[in-house]
Structures are given as structure tokens and as C-alpha cells.
Amino acid sequence: MKRYNPLEIEEKWQQKWEKEKPYKAEIKLGVSKKFIAEMFPYPSGAGLHVGHVRNFTIVDVLTRFYEQQRLNVMRPFGYDTFGLPAENYAIKTGTAPQEVTMTNISNFRKQAKRLGYAIDWDREINTSDPEYYKWTQWCFLQLYKKGLAYQKESYQWWCPVDQTVLANEQVENGHCWRCGHEVEKKKMKQWFFKITEYADELLDDIDALDWPEKIKTMQKNWIGRSVGAEVDFAIWHEGGKGSSSDVPQAAGLSSAFSRKITVFTTRPDTIQGATFLVLAPEYSGLDYIVSDDARDAVMKYKADSLKKSEIERQENKEKTGVFTGAFAINPATKEKIPIWVADYVLAGYGTGAIMAVPFYDERDKEFAEKFDLPIVETELVDRDLFGTPKTTYRMRDWLISRQRYWGCPIPIAYDKDGNPHPIPEDQLPVLIPEVDDYKPDNSGRSALAKAKDWLKVTVPVKDEKTGETHLEEMTRETDTLDGYACSSWYLWRYTSPHDKDSAWGKEAISYWAPTDIYVGADHAVAHLLYIRFWCKFFADQGYLPFREPIKKLIYHGYINAPDGKKMSKSKGNVIDPLDVINDGYGADTLRTYEMFIGPVELDAAWDPRSVGGVYRFLNRCFNLCFDESIKNDLDEEHNAVIRHKTIKKVTEDIYKCNFNTAVASLMEYVNELYKEGVHQTDLIALAKLLKPFAPHLASEMLESLDVDDEWPKWDDKYLVADKVELIVQVNGKLRARIEVDANDLENESKIIELVKNDEKVSKYLEGGIKKTIFVKKANLVNIVV
RNA sequence: GGCCGAGUGGCGGAAUUGGUAUACGCGUUCGACUUAAAAUCGAAUGGGGAAACUCGUACGGGUUCAAGUCCCGUCUCGGCUACCA
């Protein structure tokens with residue numbers, strides 16, 4: 001008798017797939033397509049972990065499921081390779097990040113192949129490959145051309161360990177998302193993408209997405225639209241002194257700015273109760289508002305609060321602030337009200353200034369009580385009376401500069417006056433220069449600055465007046481792009497991954513994109529918001545024929561260690577998927593186990609014993625097919641009911657991503673076949689249904705059965721039985737189960753008669769019947785006595 | 001503090017959206033095969049009770065013929081968010 005030997009079977013099929021490339025995707029006009037992908041991995045030195053396996057297997061189950069239904073499926077694969085781990089490793093060991101990356105990729109590729117995924121390997125991409133990042137730079141230039149990539153000097157999050165600025169989305173609880181160190185604020189000139197330009201559309205389009213509600217809510221909150229008004233408060237000048245002529249014009253402030261303060265409020269109707277104004281410590285122009293008497297105190301307060309870390313601000317919610325010595329006029333009451341500075345007002349939101357209405361606002365009230373400022377109850381006024389309607393967003397523009405070596409160089413050069421110029425598209429890619437030392441210094445510039453020759457570049461400049469072009473020697477930008485920029489367009493690159501003339505081919509993009517199903521477990525706001533932003537931008541430029549990049553998003557849970565804690569090297573509780581395979585369980589068991597482990601969206605704890613249970617199940621499948629001693633001389637109809645029930649259940653469960661119950665129903669089917677015996681038709685159905693989960697074993701079975709893998713269909717006629725079990729309740733309590741003819745369910749009075757005469761039931765009915773309820777769809781009768 | 005989820009056997013988890021609570025798997029127990037063990041196969045398995053029965057889906061109420069599912073309140077645990085005016 002042949003025994004189930006997964007390692008042997010899997011090697012056989014993997015070799016076959018490697019040679020025959022059955023998963024190569026090609027455009028087939030007129031055949032409906034599915035473009036399915038996971039969030040591509042960062043290939044770490046540690047290799048695949050069980051979380052990757054869950055991620056990739058979900059994609060694979062869906063890929064095979066649709067492929068078996070003969071849809072034209074594209075399932076590509078790629079690597080997100082720029083970033084700190086490779087760079088830090090390079091700094092430590094002196095190995096070039098390029099080299100480390102290639103080693104890790106080849107390891108990842110080998111491991112992914114060992115899991116038997118239905119990947120079109122000709123579509124492999126790598127974000128740090130010049131063939132790829134040439135087009136990341138091209139994307140940047142498109143945004144630059146339209147004014148959506150711009151430079152701005154402002155206070156930014158700075159990680160002192162990683163020596164780089166970070167986007168808002170990369171600061172978690174005041175800590176760097178990579179190294180975990182507390183971040184600081186630093187005033188720097190940096191590059192931004194103007195994502196706020198699309199804030200409304202990004203927000204309004206969320207509702208229509210087939211995405212988990214959780215993610216949709218997180219994005220909505222992140223964008224954080226609030227509708228209100230901007231209201232101008234004139235600054236009060238004593239005795240006409242301190243008029244606008246006193247303001248130093250060299251400061252670059254408009255003179256209008258100095259005479260008024262514009263606040264943002266969502267409650268312009270409460271303006272009569274505004275008894276003071278509050279400015280953020282970083283409020284630009286604060287210098288010109290503050291009175292000479294108060295100047296020292298205000299500047300000290302400003303310096304202190306800039307030093308204060310985000311954590312300190314969070315821990316200490318006690319209101320602090322100082323009086324600027326200046327006053328403004330409330331436009332509604334014409335009263336003179338004091339202007340304060342306090343760090344509970346944030347510079348980056350609204351205008352960085354608020355009107356405080358302590359009667360209506362908790363925070364203002366707290367502040368007023370502490371500093372003994374007036375709290376006035378007032379009538380509400382018309383919302384539009386004193387302000388102009390204005391909408392603001394919690395979301396800020398996306399900071400994309402990184403002072404790091406291992407990233408995509410920003411294709412910009414500076415002339416001798418420091419003005420930025422784009423590197424012409426025909427000079428792309430701007431290659432990453434080789435350096436000896438990858439370490440950033442504390443100059444605020446990346447290690448790219450150490451490549452002296454590389455820094456010099458000749459850029460054609462068009463003279464505004466004459467229209468003529470001349471060449472100019474310039475210095476290259478040394479910042480690199482945030483890695484999220486690289487992953488903001490890779491799904492489109494998959495459609496024509498080796499295109500030499502464009503980021504994505506026109507024909508390919510209109511056939512394959514948008515992505516039908518996208519699977520991941522992270523990046524709920526950052527990546528998934530950025531890719532939507534780029535999609536809308538490139539749609540506006542005519543490069544994309546759609547405005548949302550991802551139709552359906554599957555967001556799965558993490559896999560934890562058996563003790564329920566996060567797996568981590570330091571705790572020594574990491575399960576290596578390759579160990580599970582090589583222990584003899586094989587890839588099919590690992591894959592099927594991870595689908596069976598629990599509902600896809602929930603975290604799950606690894607259970608080594610359950611892995612054994614899944615192995616036993618696959619072993620039983622194998623034996624049904626290859627063990628001659630199992631009864632197989634049945635009539636085809638014998639198992640038809642459960643067979644069709646199983647086909648229906650598995651099909652519907654996969655559509656709903658209920659992979660755990662799909663596997664459970666296959667287990668039930670197999671248990672039944674062990675009891676009842678098996679017909680060829682059962683084996684064929686089983687093998688086909690099993691293939692998305694355990695493709696090697698299923699292929700082996702299908703080969704021996706000599707059939708293709710086309711997804712089976714169920715026939716509803718087998719799902720209606722002749723005899724059904726009628727549930728009988730008395731006062732809602734289960735009292736009997738009676739077998740009745742299915743036809744009798746059409747005849748309510750006959751059913752009730754049958755029930756009343758049942759001996760188990762009748763003894764409860766002696767007190768007389770008040771009411772009977774018959775529920776046909778549940779095969780249930782309830783008698784009220 | 002705010003918003004959103006979730007609490008079901010010894011464990012992971014099922015339950016057609018109000019209709020048989022605990023599918024499937026793990027674990028445990030018993031049996032078969034074996035000199036023996038492993039593997040495999042079969043049976044049992046929420047608590048109480050000899051049984052008829054009875055109690056059971058975090059807790060307390062409610063609606064209903066019928067509640068794990070709906071409503072009100074409480075507790076616990078997760079996620080996001082954190083002075084966003």
C-alpha cells in the first residue's frame with residue numbers, strides 16, 4: 001500500500017510547476033480576470049515566518065479557487081526592499097545593502113516556492129532594482145510637475161537614533177515605528193506630497209469600498225474632516241500705538257497678517273462667548289504679537305514646550321500657558337480680549353490659533369478656570385455671521401524626505417541659489433551611489449552626501465525670458481524617498497513588470513487593474529491611504545482608468561505563539577514554517593492548518609497539536625484515494641447528498657473568506673466517506689475542493705483519477721431530502737425529534753396532528769394547548785400550553 | 001477620556017441572522033490491531049442526576065411562542081484614537 005509522503009509528492013509537483021509555468025498570466029481579452037495580491041513582504045534575513053504563510057496562503061487559496069473556475073487569474077509576487085533593516089545591517093557589517101537584499105530575496109523566493117504558491121514568477125518585482133525605482137522617480141516627477149511634491153520648512157518628527165525625519169503615520173505614541181526610540185521635533189526643510197489636496201475624495205470614496213469596516217473607520221478618523229469657519233480677530237493696539245508700521249517687514253510676513261489673527265472653529269455660532277484667544281507655541285508671527293513686557297516669559301514657554309516630548313505632553317494634561325500681553329477684538333461683542341499662548345493648541349491643525357469659548361468647550365473652560373479668565377454664557381448666533389466657512393483636516397501632508405542611504409533617491413538637484421530643479425526624465429534613474437560608509441552623520445544629510453562625484457550633476461535649465469535652454473552645474477538632493485512611496489504604485493507595475501518605456505503599460509493596466517483582492521495584516525492607514533492618493537492623482541493625469549486601486553481588501557489577524565504572546569526572537573517562541581514542513585508535515589499541512597486555525601480576521605495562537613490534526617485529515621484524504629482496502633464499490637448516488645452539500649458549503653465559504661469552516665466541512669465529508677465508503681465521484685469532488693488548500697496532494701489525487709481540476713458545481717436537487725427531522729418544542733423546550741416525509745411539511749395541519757399524537761410530546765399537552773407555531777424553514781413546531 | 005469590536009465546553013472555535021447551542025479540530029477516556037509501543041481504525045466526551053429530567057453561551061433585567069443572536073444596565077478583555085478647537 002502506498003503511504004502518504006508529503007515531502008516526496010510536494011517535490012514532484014513543485015518541479016513540474018517550475019518547469020511548466022502553469023500560473024503564467026497573460027491578457028485574454030473577453031475572459032474575465034482576477035488580479036489578486038498580498039501586501040508584498042519586506043524580505044528580512046530571518047526568512048518567511050508563519051504570518052507570511054497565512055498572508056500568502058489566503059491569496060493562494062483565492063487564486064486557485066478562481067483559477068479552477070477558469071477565470072483569468074494573475075497572482076504576482078514582489079519584494080519591498082528599501083528600508084532600515086538592510087541599511088542597519090550594512091552599517092554594522094560593511095556589506096552593501098544591495099548584496100544583503102539579493103541574498104534575502106533569493107531565500108524568500110526559495111521558501112515561497114517550497115510552499116507551492118500559484119505565483120507567476122515572471123512578474124517578480126523588487127523596489128530597490130533600478131529597473132523599478134527609475135519609475136518611482138518618474139512618479140515623483142509627475143507629482144512635482146503638478147505642484148503636489150513641494151518643500152516646506154517646519155517642525156518635523158525626528159528620530160535621533162535612525163537620524164531621519166518621519167511622517168506622522170510613522171510615529172506611534174510618540175515613538176519611532178522602526179526603532180521604538182522617542183521622537184523629537186526639529187525644524188527642517190523637507191519634501192512633502194500634498195495628500196491633503198485629495199482629502200475630500202479620499203474620505204468620500206471610503207463608503208463604497210468593499211473593505212473591512214474597521215479599516216474604513218480608521219481611515220476616516222485619520223483624515224478627520226471637520227467643517228467649521230475661519231474667523232478674523234483684529235489685534236488691539238493701545239492708543240493707536242503699535243500700528244502696522246511697527247512690524248518689521250523683513251520678517252517675510254504680510255502686513256495684513258500682523259493686524260489680525262485668524263482662528264479656526266467648528267462652532268462659529270458660539271463666538272459671543274469667546275473671552276480670549278489661544279495661540280500654539282509654534283504659531284508663526286508670535287514674535288510680533290507678544291508685548292515687550294511679556295516677551296521673555298512667552299519665549300521661555302515656547303522653548304520649553306518645543307523641548308517637551310510628545311510623551312510628556314500626553315502624560316501631563318494639566319493646562320499650561322502664558323499671557324502674551326496683547327489683546328484682540330471679538331468681532332461679535334467688540335470687546336477687548338486677551339491673547340494667550342498654550343500648548344493645548346496645536347500648530348499643525350487649523351490655523352494654529354483658536355478662539356476660546358469656555359462656556360461651551362471643556363478644554364477652554366479648564367484653561368479659563370486655571371488662569372482666572374472670564375466664562376460667559378451667551379446666546380448662539382447665526383453660524384455664517386462672523387466667519388467664512390472652512391473645512392480642515394486632521395491629516396497632514398505626507399512628509400517623504402528621509403535622511404537615509406538605502407532608499408530611492410529623490411530626482412532633484414539644486415542650483416547655486418539653492419532652488420530645486422527636477423532631473424530630466426531621460427536621465428532617470430538617479431542611481432544610488434556606492435559609498436564606503438553607510439552611516440548617516442548628524443549633519444542632517446544622508447550618506448549619499450559622501451559620494452562627492454555623484455553629487456555633481458549637469459541639468460538643462462530653460463531661461464524664462466528667452467525660452468532657451470542652457471546647461472547648469474548643480475548639486476543633487478541627498479534625501480531619499482520614504483519607502484511608502486515605492487509601495488504606492490507597485491500593484492500597477494505588476495501588470496507590466498518589465499516595461500522599459502513606462503511605469504505601467506496602457507493595455508496591461510486597463511485589462512488587469514484595479515486589484516480585485518488585496519490581502520494584508522498591516523498598514524491600515526499609511527500604505528492603504530497613500531496608494532489611494534496616488535491612484536486618484538494618476539487617474540487625474542490620465543494614466544489610470546480608475547480612481548480606487550483596491551476593490552476588495554482582506555485584512556487578516558496575526559499568528560501568535562502557543563502562549564498567545566507575540567512571536568519574537570528575543571522570547572525564543574518563534575515557529576519557523578520551514579521547520580514545520582521539514583519535520584515531515586509538508587507544505588500542504590502547513591497551509592491547510594493556517595487556514596483552519598480560526599476566522600481570517602482574528603489573531604490566532606499557534607497550536608502544534610492541531611497541526612497534527614490537519615496532517616491526519618490530509619492523510620485520510622490520501623488513503624481514501626490510494627488505499628485499496630477502503631470500500632469503493634458504492635453506487636454514485638450513495639453519498640450524493642453530502643457530496644453536494646460539501647461542494648456548496650466549500651464554495652460559499654471561500655467566497656466569504658470563511659476558510660476555517662470550509663476546511664471543517666471537508667473534514668466532515670471525509671469522516672462520512674470513511675463511514676459510508678467512497679465512489680470515484682466522491683474522490684474527484686474531494687480532490688478538486690481540496691486543491692486550493694493542499695494543492696500538491698490534490699494534484700496527486702487528480703492525476704491518479706485522471707481528471708482536470710475544474711471547480712465542481714452542486715445540484716440543489718440533492719439538498720432536499722425525502723425525510724426530514726422535525727423538531728418539536730413545548731413552551732420553547734426541545735421535547736422530541738420526529739422523522740417526517742418532507743412533503744408533509746407543506747401540510748401544516750397534518751404535521752400538528754402528527755406531533756400531538758407523538759407519545760413523547762403528548763404527555764406535556766394534558767393541560768390543553770394554547771397555541772401552535774410551525775416554522776417550515778426550520779423544520780420546527782413549538783406548542784404553547 | 002472618546003469611538004469601535006468581542007466575551008460560547010478542559011482548549012482553538014461552529015451556529016443558515018431570532019428557531020435543535022457546542023459543527024470541525026485538539027485534548028481526555030475506553031476499545032480493536034500489535035509480543036509491546038508508535039501509527040492507524042472505532043466509540044464516548046458541557047455540568048448535575050441511577051433515571052425521568054434539570055441547569056447551561058460574562059453578569060442583572062426586558063421583549064418574544066422561541067434569545068448565544070434583539071433592547072436596557074453592569075463588568076471584563078482587545079483594537080483604534082488621544083487636548084484636532
Side-chain angles (χ1 to χ4, degrees), chain A residues 3 173-174 212-215 217-222 224-226 228 263-268 270 274 278 280 310 313-314 316-319 342-346 348-357 360-364 366-367 392-396 524-525 557 562 564 593 596-599 601-614 616-617 619-620 623 627 629-630 649 652 658 660-671 674-675 725-737 763 770-785:
Chain A
R3 292 196 59 138
N173 255 324
E213 282 308 315
K214 190 176 98 177
I215 309 298
T217 312
M218 280 168 72
Q219 292 216 350
K220 282 184 195 172
N221 292 342
W222 186 264
R225 176 162 66 196
S226 34
V263 305
F264 173 73
T265 176
T266 53
R267 295 293 308 276
T270 64
V278 188
E310 197 62 9
R313 276 203 185 192
Q314 275 172 27
N316 185 13
K317 290 247 175 104
E318 178 85 2
K319 295 277 180 294
D343 66 3
Y344 83 93
V345 174
L346 307 176
Y349 185 77
T351 60
I354 63 153
M355 63 177 205
V357 188
Y360 289 103
D361 186 285
E362 274 304 311
R363 295 153 301 184
D364 296 343
E366 204 187 306
F367 192 82
T392 59
Y393 304 88
R394 208 196 75 109
M395 179 173 67
R396 316 290 153 86
V525 275
Y593 169 65
F596 184 62
I597 195 167
E601 71 280 4
L602 261 43
D603 290 352
W606 189 268
D607 179 1
R609 288 189 294 212
S610 285
V611 179
V614 171
R616 278 193 279 282
F617 159 64
N619 193 22
R620 281 157 76 83
N623 288 342
D627 183 349
S629 68
I630 288 178
K649 175 80 174 144
E652 290 177 348
N658 294 336
N660 54 333
T661 51
V663 174
S665 76
L666 286 171
M667 287 172 168
E668 270 182 87
Y669 184 36
V670 166
N671 291 345
Y674 260 71
K675 269 188 216 131
E725 192 181 57
L726 185 73
I727 305 303
V728 185
Q729 298 178 334
V730 178
N731 285 343
K733 286 203 170 92
L734 178 70
R735 292 303 180 192
R737 301 157 193 268
K763 63 176 179 180
K770 283 191 190 131
K771 194 174 171 185
T772 58
I773 291 123
F774 174 54
V775 188
K776 197 164 79 180
K777 66 161 184 159
N779 301 339
L780 178 142
V781 173
N782 188 15
I783 300 172
V784 188
V785 294

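Chain identifiers are assigned alphabetically (A, B, ...) following the order of the sequence lines, protein sequences preceding nucleic acid strands; residue numbering begins at 1 within each chain.
Every side-chain hydrogen bond (donor to acceptor under 3.5 Å, both in side chains) that A:R267 has, sequence neighbours left out, goes to A:D269. Residues satisfying the salt bridge (charged side-chain N to carboxylate O under 4.0 Å, His left out) test with A:R225, not counting sequence neighbours, are A:D200, A:D204. Listed by chain and residue number, A:K216 satisfy the salt bridge (charged side-chain N to carboxylate O under 4.0 Å, His left out) test with A:E213 (two or more places apart in sequence, or in another chain). A:F596 pairs by the ring-ring contact (aromatic ring centres under 6.0 Å, His included) definition with nothing, not counting sequence neighbours. Applying the ring-ring contact (aromatic ring centres under 6.0 Å, His included) rule to A:W222 yields no partners; only residues at least two apart in sequence or on another chain are considered. A:K220 meets the salt bridge (charged side-chain N to carboxylate O under 4.0 Å, His left out) test with A:D207; sequence neighbours excluded. Partners of A:E366 according to the salt bridge (charged side-chain N to carboxylate O under 4.0 Å, His left out) rule, which considers only residues two or more places apart in sequence or in another chain, are A:K319.
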Would you list the protein and nucleotides 1-4 of chain B atom pairs, both N or O, that sit under 3.5 Å from each other?
none

Scan nucleotides 12-19 of chain B against the protein and return all N/O pairs shorter than 3.5 Å with their distances rounded to 0.1 Å.
{"residue": "B:G12", "atom": "O2'", "partner": "A:I597", "partner atom": "O", "Å": "3.4"}
{"residue": "B:A14", "atom": "OP1", "partner": "A:N660", "partner atom": "ND2", "Å": "3.1"}

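Residue contacts for A:R609: at a heavy-atom cut-off of 4.0 Å it reaches the sugar-phosphate backbone alone, with no base atom in range. Here A:E213 lies out of heavy-atom contact (under 4.0 Å) with every strand. A:R737 comes within 4.0 angstrom of a nucleotide base, judged by non-hydrogen atoms across all strands. Within 4.0 Å (heavy atoms only), A:G224 reaches no atom of the nucleic acid at all. Within 4.0 Å (heavy atoms only), A:K763 reaches sugar-phosphate atoms of the nucleic acid but no base atom.
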- Item | Contact state string [nucleotides 42-50 of chain B, B base, S sugar-phosphate only, - no protein heavy atom under 4.0 Å] | S--------
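In this structure, A:Y669 atom OH and B:G25 atom P are separated by 16 Å, rounded to whole Å. Rounded to an integer number of Å, the gap from A:I215 CD1 to B:G79 P is 14 Å. Across the protein-nucleic acid pair, A:E668 atom CD and B:A23 atom C1' stand 6 Å apart, rounded to whole Å. Between A:F617 atom CZ and B:G25 atom C1' there is a gap of 11 Å when expressed in whole angstrom units. Spacing between atom CG of A:D343 and atom P of B:C83 amounts to 10 Å, rounded to whole angstrom units.
In this structure, A:D627 contributes its side chain and A:S629 its backbone to a donor-acceptor pair below 3.5 Å. Although no hydrogens or angles enter the test, the distance criterion places no donor-acceptor pair under 3.5 Å between the side chain of A:D361 and the main chain of A:A356. Using a distance-only test at 3.5 Å, with no hydrogens or angles considered, no donor-acceptor pair links the side chain of A:N782 to the main chain of A:I773.
Side-chain contact between A:N623 and A:I630 is present, with heavy atoms from C-beta onward closer than 4.5 Å. Put simply, the side chain of A:K649 reaches to within 4.5 Å of the side chain of A:T661, judged on heavy atoms.
For B:G5 and B:U16, the C1' atoms lie 23 Å apart once the distance is rounded to whole Å. When the C1' atom is compared between B:G79 and B:G47, the two are found 34 Å apart, to the nearest whole Å.
Residues in residues 601-612 of chain A take part in no salt bridge (charged side-chain N to carboxylate O under 4.0 Å, His left out) pair, two or more places apart or across chains.
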- Where each pair must be Watson-Crick or G-U wobble with both distances under 3.5 Å, what dot-bracket representation of RNA chain B is obtained, with crossing pairs in [ ] and other-strand partners as |? (((((((..(((......[....)))((((((.......))))))(((....)))..(((((..]....))))))))))))....
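Of the candidates B:U20, B:A85, B:C26, the closest approach to any side-chain atom of A:L734 belongs to B:U20.
The aromatic rings of A:F264 and A:Y349 sit perpendicular to each other, their planes meeting at more than 60°, with 30° as the lower class boundary.
Scanning atom types as modelled, one donor and one acceptor separated by under 3.5 angstrom connect the side chain of A:K319 and the base of B:C83.
A syn orientation is assigned to B:G9, its glycosidic angle lying within 90° of 0.
Across every non-hydrogen atom of A:A605 and A:Y593, the tightest pair is O-OH, 3.9 Å.
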